[in-house]
Amino acid sequence: MKAVKEKDWLPADGLTLEKSALDVVTAPVGNCLVVAGPGAGKTELLAQRACFLLQTNLCLFPHRILAISFKRDAAYNLKERVTLRAGTELSNRFDSLTYDSFAKQLLDRFKSALPPHYALPLEYEVVSEEYIMDLYRAEDEAFVNMNERIKILNALTDTALPRVINSKVDTLHEHVWHKAIHNGRLTFRMIMRLAEYILKTNPIIKEYLQKTYDYVFLDEFQDTTTIQYDFLKTCFQGSNKVLTAVGDDKQRIMIWAGARKTVFEDFQKDNEAERIPLKMNFRSAPLLVRVQNSLIRSLLNKTDFATPSTKWKGDEGECLVWEFEDQTKEAAHLVKAISHWINKDKLAPREICILVKGSLAKYVTQIIDSLKSNNINARDESIFQDFLTDEVILYLIHAFYMVMDTPKVESKTIVFNFLSRVNNELSDQQLLKLENRLAFFIRQQKASYNRKTIDQSTIAELIHTMIDYANRDRVRAIFPQYKQSAYLTKMLSDFEKTLINYLISAKSFKDALDQFCGLDTIPIMTVHKSKGLEYHTILFVGLEDGAFWTFNSQQDEDKSTFFVALSRAKMRVVFTFSKMREGLYRKNQARQTIRVIFEELEKAGVKIENF
């Protein structure tokens, strides 16, 4: 593919970027920290920058770009944007991973370089932290009983390897490390420390890594933990790699999970990075931007205000607080409002999102049941986020759609791009032959499955057929998360079971696929799961002391959580308060602890309506 001259390059899709963003996108060198609020297009900025570097060949072939995101869905979203804008050939040199998957990829590839003291079995398993706690209990149950779980787990990985043994407690942590390694069972945090150790003790491997990537992108940088930052520094600090970090400290809501409070300042100092602010909010309507700016000043004590996009007219937008006597009245009113938006305003269910701060079951069970009785589907989206951002599962879903008589428009593109990536050595002429073979294969499957009733055994057979066509060994070689065959087997098994559950009540196999993908279904999730997402209408259920029970001990984080919920909305956001809520430790709800949030909302002109 012929390179575009730098002076001739334009943003993909005719997108107009504010000047500061365009300067970042087209900078050939120089580390920078892009600080931008919600709706500023931080992910799009990285996608456009990848396109610029690849299309102008500033990222010189065969060098690659590495993008590291905090969440798996964010990593997938970024990769998808670059593929759509730059094409498969160029995007094959763009690796979009989470910190966990990047560290695991390094460990899987180079684990033979670990010294005998930390040598892993040939196959190892990623486990939950509860397994590690069981190891501690087996070693010293009294120690576990006397210390907080989170402090024990943090202490296990809070320092780089090899650990320094200065006390009995240090010896305990070391014993747990070696038991976990001997059993071939590690958490992601342990995997990251082992990957870091490999790089620190093997200069040739570190040099190989740095020669692979000329440019490194860091998304949602405000959520980076200390372990992740240590790992990042080990990988790239002191090299000539160009680092671009983007984030927003107003949305720092992962302190509880170890997010490093000083990560912006540390990054600037350690990498001589320029701090570049972005002002534009492309997502939210003007009224919502005005409310956000008011809360940025008065609630978050910051001054980086946003400017709404010129695509809006006048003071569009809606922000409300609805107050109810109990959750039964709350559910009834929400169902009535949602029905109106869907049936009268023709708003797609997928453009409405229900958010809660904590437990979904305690806040939305009655709402889900009431919606269902009114023929409106809603579901806990968190259990589907991994499925719907996994490239293997998406390949299967859209291959299934292609076998149906009425495939989705984008299905052929998704399936072909997946197969192109799996067969990344093919030339343009060979890719054309691949496309023809795919069309023939799909015709064969249509002829076969149109004569069958799709049932449980047929789904298992179809999954097996599609994976074999893609070539299981190639899939495992290309996608680092599937290096271990057991993980791929489990993911396919979970997908099969979930799809079968939908098939039981679906009108057809296509209907089961639609339901699996969440078509015509309102997503429900926690605020933490909503990071990076956007919807026309946000309903935040439970703006109450009971939901913000940690407010007095972590005000900054809880205020930022509220701000994240508010900023997911494009056009409308509604917060609900119920005076009575069943299923909680205290049924009677108040807003005394979080009164500052209500006060600042009212100062911003938000109306509180009673029902």
Open item on the list: Within the 4.5 Å heavy-atom criterion, are I414 and I397 side-chain neighbours or not?
Closed with: no
Open item on the list: Looking only at the side chains, is there a donor atom on one of Y395 and R421 sitting less than 3.5 Å from an acceptor on the other?
Closed with: no
Side chains of residues 547-554: which donor-acceptor partners sit under 3.5 Å, not counting sequence neighbours?
{"residue": "T550", "atom": "OG1", "partner": "Q554", "partner atom": "NE2", "Å": "3.1"}
{"residue": "T550", "atom": "OG1", "partner": "D558", "partner atom": "OD2", "Å": "3.1"}
{"residue": "S553", "atom": "OG", "partner": "T550", "partner atom": "O", "Å": "3.0"}
{"residue": "Q554", "atom": "NE2", "partner": "D558", "partner atom": "OD1", "Å": "3.1"}

Open item on the list: Please give me the minimum heavy-atom distance between G37 and K250, naming the atom from each residue.
Closed with: CA-NZ, 3.7 Å
Task: Partners meeting salt bridge (Lys or Arg N to Asp or Glu O under 4.0 Å) with K529 (sequence neighbours left out) - done: none
- [ ] Evaluate the side-chain contact (heavy atoms from CB on, under 4.5 Å) criterion for residues K241 and D214: first the C-alpha distance (whole Å), next the side-chain angles of each, then the deciding distance (0.1 Å), finally the verdict.
- [x] CA-CA 5 Å; K241 306 299 109 172; D214 278 350; 3.3 Å; yes
Open item on the list: Can you list everything that forms a ring pair (Phe, Tyr, Trp, His ring centres under 6.0 Å) with Y213? Sequence neighbours excluded, please.
Closed with: none
TODO: Quick one: which residue pairs count as a ring pair (Phe, Tyr, Trp, His ring centres under 6.0 Å) with a foot in residues 125-160, not counting sequence neighbours?
DONE: Y136-H173
Task: Audit row: D266, K233, salt bridge (charged side-chain N to carboxylate O under 4.0 Å, His left out) steps and yes/no - done: CA-CA 11 Å; D266 295 340; K233 287 170 64 178; over 6 Å; no
Open item on the list: Measuring only between side-chain heavy atoms, which start at C-beta, is I383 closer than 4.5 Å to T498?
Closed with: no
TODO: Provide the closest heavy-atom pair for L66 versus F236 in the form atom of the first, atom of the second, distance.
DONE: CD2-CZ, 3.8 Å
Task: Pair S167-D170, side-chain donor/acceptor within less than 3.5 Å - done: yes
Task: Check: F70 main-chain N/O paired with D219 side-chain donor or acceptor under 3.5 Å - done: no
Open item on the list: Tell me if the centroids of the rings in F418 and F479 come within less than 6.0 Å of each other.
Closed with: yes
Open item on the list: With side-chain contact (heavy atoms from CB on, under 4.5 Å) as the criterion, how do Q515 and T521 come out once you've worked through the C-alpha distance, each side chain's angles and the decisive distance to 0.1 Å?
Closed with: CA-CA 8 Å; Q515 290 184 41; T521 300; 5.8 Å; no
Open item on the list: For F267 together with Y229, are the ring centres under 6.0 Å from each other?
Closed with: no
- [ ] Show your reasoning for whether salt bridge (charged side-chain N to carboxylate O under 4.0 Å, His left out) applies to K179 and E139.
- [x] CA-CA 10 Å; K179 274 197 173 182; E139 286 286 324; 3.0 Å; yes
TODO: Determine which pairs satisfy side-chain hydrogen bond (donor to acceptor under 3.5 Å, both in side chains) with at least one residue from residues 378-388, sequence neighbours left out, and list them in order.
DONE: R350-E381, R379-E381, R379-Y502, D380-S382
Open item on the list: Donor-acceptor check, side chain of R137 to backbone of V144, threshold 3.5 angstrom: yes or no?
Closed with: no
Open item on the list: Between E496 and H464, do the side chains contain a donor N or O and an acceptor N or O under 3.5 Å apart?
Closed with: no
TODO: Find out whether the Lys NZ or Arg CZ of R252 is both under 6.0 angstrom from the six-membered ring centre of F264 and within 45° of the ring's axis.
DONE: yes
Task: Residues in side chain to side chain donor-acceptor pair (under 3.5 Å) contact with E129, at least two apart in sequence or another chain - done: R189
TODO: Could you tell me if the ring centre of Y99 sits under 6.0 Å from that of F231?
DONE: no
Open item on the list: Please tell me whether Q555 and E557 have a donor and an acceptor in their side chains that are separated by less than 3.5 angstrom.
Closed with: no
Open item on the list: Hydrogens and angles aside, do R81 and T43 bring a side-chain donor and acceptor to less than 3.5 Å of each other?
Closed with: no
- [ ] Give a yes-or-no answer on whether the side chains of D390 and Y482 include a donor-acceptor pair shorter than 3.5 Å.
- [x] yes
Task: Heavy-atom donor-acceptor pair, S91 side chain to F94 backbone, under 3.5 Å - done: no
